[in-house]
*Asks:* 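Sharing a structure, written as structure tokens. Questions coming.
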Amino acid sequence: SEIPLDMQVKLLRVLQERRVMRLGGSHYIDCDVRIIAATNRDLSHEVAVGNFRPDLYYRLNVLSITIPPLRDRPTDIELLVPFLAERISRRVGCQVKVFSREAMEILQSYSWPGNIRELENIVERALYIAQGPEITARELAQIMEHKRSNTQFGTNPFSIEEYERRAVQKAITLAKGNISQAARLLKISRSTLYKKLKKYNITPGVYQVSEN
């Protein structure tokens, strides 16, 4: 979506003719490639307003995969965080640290307007400030409080209990009132979830509570 129109022409020619010429070269080189293209824009709209060539769009758009934003797949965070923590630790040469269960719940309750890049930023900052081998909810909350502007959290920092309450509420919403499924999302037992529902005075709302 960011490629200038003149470069789009050149890319289209490469895809059609399957050959390239080096800068300053005098002959073509055959190539056999497959293109994986990613964008965060609606390319069909960019085509309509003249910012993207339709012939290149149809050449690229053979198989489309729409990746939902991170806020719509909070369970992926539990897989992404250890991966990011290990990769960042290798890059900066620091000890690999793990996130506590409570810290993970904070991450899963956040809306992530910046998607994976924002999550990676938070993970890296947590690795730097953590005092021990495990990143605690309190340490993570300190980081999140600095991000309260331009986020769903408003202008006032939340306590650890407020993060937990939001995590429970989000799990109930995602599970549509299914207690067992919500407990699995939070990685806690149903009895513990019932206690938290009572503690925070949370009801399944319009969803019907299910035990299966």
Side-chain angles (χ1 to χ4, degrees), residues 1-3 33-41 65-175 181-190 192-193 195-196 199-200 202:
S1 60
E2 307 296 332
I3 302 177
V33 298
R34 298 293 183 271
I35 302 296
I36 299 176
T39 181
N40 61 355
R41 295 188 182 182
I65 300 175
T66 300
I67 302 177
L70 192 56
R71 64 178 176 272
D72 293 341
R73 45 190 177 101
T75 54
D76 285 4
I77 292 174
E78 193 164 5
L79 301 174
L80 288 167
V81 168
F83 168 77
L84 293 172
E86 183 177 356
R87 186 175 71 176
I88 293 169
S89 298
R90 286 200 308 266
R91 188 185 75 225
V92 303
C94 69
Q95 178 188 2
V96 178
K97 301 177 182 180
V98 299
F99 284 70
S100 69
R101 181 66 261 165
E102 293 77 14
M104 195 67 72
E105 290 175 359
I106 292 176
L107 295 176
Q108 290 177 322
S109 68
Y110 182 55
S111 63
W112 300 110
N115 280 308
I116 302 295
R117 288 189 180 89
E118 185 179 10
L119 176 62
E120 186 172 9
N121 173 266
I122 291 296
V123 170
E124 184 169 359
R125 291 169 66 181
L127 291 173
Y128 291 148
I129 73 165
Q131 299 299 307
E134 182 179 75
I135 297 166
T136 67
R138 186 168 299 278
E139 289 170 331
L140 185 60
Q142 291 175 355
I143 297 174
M144 303 301 286
E145 286 170 7
H146 289 298
K147 294 177 60 61
R148 63 184 180 271
S149 60
N150 300 321
T151 69
Q152 66 174 2
F153 297 129
T155 57
N156 297 318
F158 290 146
S159 66
I160 298 300
E161 287 191 343
E162 178 61 16
Y163 282 115
E164 182 179 66
R165 185 192 70 78
R166 285 176 172 248
V168 171
Q169 181 66 69
K170 188 164 188 176
I172 287 293
T173 300
L174 290 172
Q181 184 177 347
R184 285 194 294 270
L185 290 173
L186 294 169
K187 304 297 183 183
I188 59 178
S189 65
R190 287 190 301 174
T192 300
L193 178 55
K195 290 178 183 177
K196 293 184 183 295
K199 176 182 178 181
Y200 298 115
I202 296 174

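Please read all numbers here as calculations on a predicted model, not as lab measurements. Sequential numbering from 1 along the given sequence is applied to the chain's residues.
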*Asks:* Short question: side chain of Arg190, backbone of Ala183 - any donor-acceptor pair under 3.5 Å?
*Replies:*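 Side chain of Arg190 to backbone of Ala183: no pair is present.
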*Asks:* State which residues pass side chain to side chain donor-acceptor pair (under 3.5 Å) with Lys170; sequence neighbours excluded, sorted by chain then number.
*Replies:*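 Once residues adjacent in sequence are excluded, Lys170 has no partner under the side chain to side chain donor-acceptor pair (under 3.5 Å) criterion.
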*Asks:* Can you tell me how far the CG atom of Leu127 sits from the CD1 atom of Ile135, to the nearest 0.5 Å?
*Replies:*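 Spacing of CG (Leu127) from CD1 (Ile135) equals 4.5 Å.
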*Asks:* Side chain to side chain donor-acceptor pair (under 3.5 Å) with Arg34: which residues, sequence neighbours excluded?
*Replies:*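 Residues passing side chain to side chain donor-acceptor pair (under 3.5 Å) with Arg34: Asp32.
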*Asks:* Mind checking whether Gln108 and Leu185 have side chains closer than 4.5 Å, heavy atoms only?
*Replies:*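 The answer is no, as the side chains (C-beta and beyond) never meet within the 4.5 Å cut-off.
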*Asks:* State, with a plain yes or no, whether a side-chain heavy atom of Ile77 is found less than 4.5 Å away from one of Trp112.
*Replies:*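 Yes. Closest side-chain heavy atoms under 4.5 Å.
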*Asks:* Which value, rounded to the nearest 0.5 Å, describes the distance between Ile106 atom CD1 and Leu140 atom CG?
*Replies:*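 It is 5.0 Å, given to the nearest 0.5 Å.
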*Asks:* Tell me whether Lys97 contacts the main-chain N or O of Ala130 through its side chain, where contact means a donor paired with an acceptor under 3.5 Å.
*Replies:*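 Yes, because the side chain of Lys97 sits within donor-acceptor range (under 3.5 Å) of the backbone of Ala130.
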*Asks:* Is it true that Arg138 and Glu102 make a salt bridge, defined as a side-chain N closer than 4.0 Å to a carboxylate O?
*Replies:*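 Salt bridge absent between Arg138 and Glu102.
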*Asks:* Distance-only, no hydrogens or angles: does the Glu139 side chain make a donor-acceptor pair with backbone N or O of Gln131 under 3.5 Å?
*Replies:*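 Checking the backbone N and O of Gln131 against the side chain of Glu139, a donor-acceptor pair under 3.5 Å is found.
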*Asks:* Look at Glu105 together with Arg165 and state whether they make a salt bridge at an N to O cut-off of under 4.0 Å.
*Replies:*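 No, no charged N to carboxylate O under 4.0 Å.
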*Asks:* List in chain and number order the residues that pass side chain to side chain donor-acceptor pair (under 3.5 Å) with Thr192, two or more places apart in sequence or in another chain; answer none if no residue qualifies.
*Replies:*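 In terms of side chain to side chain donor-acceptor pair (under 3.5 Å), with neighbours along the sequence ignored, Thr192 is linked to Ser189.
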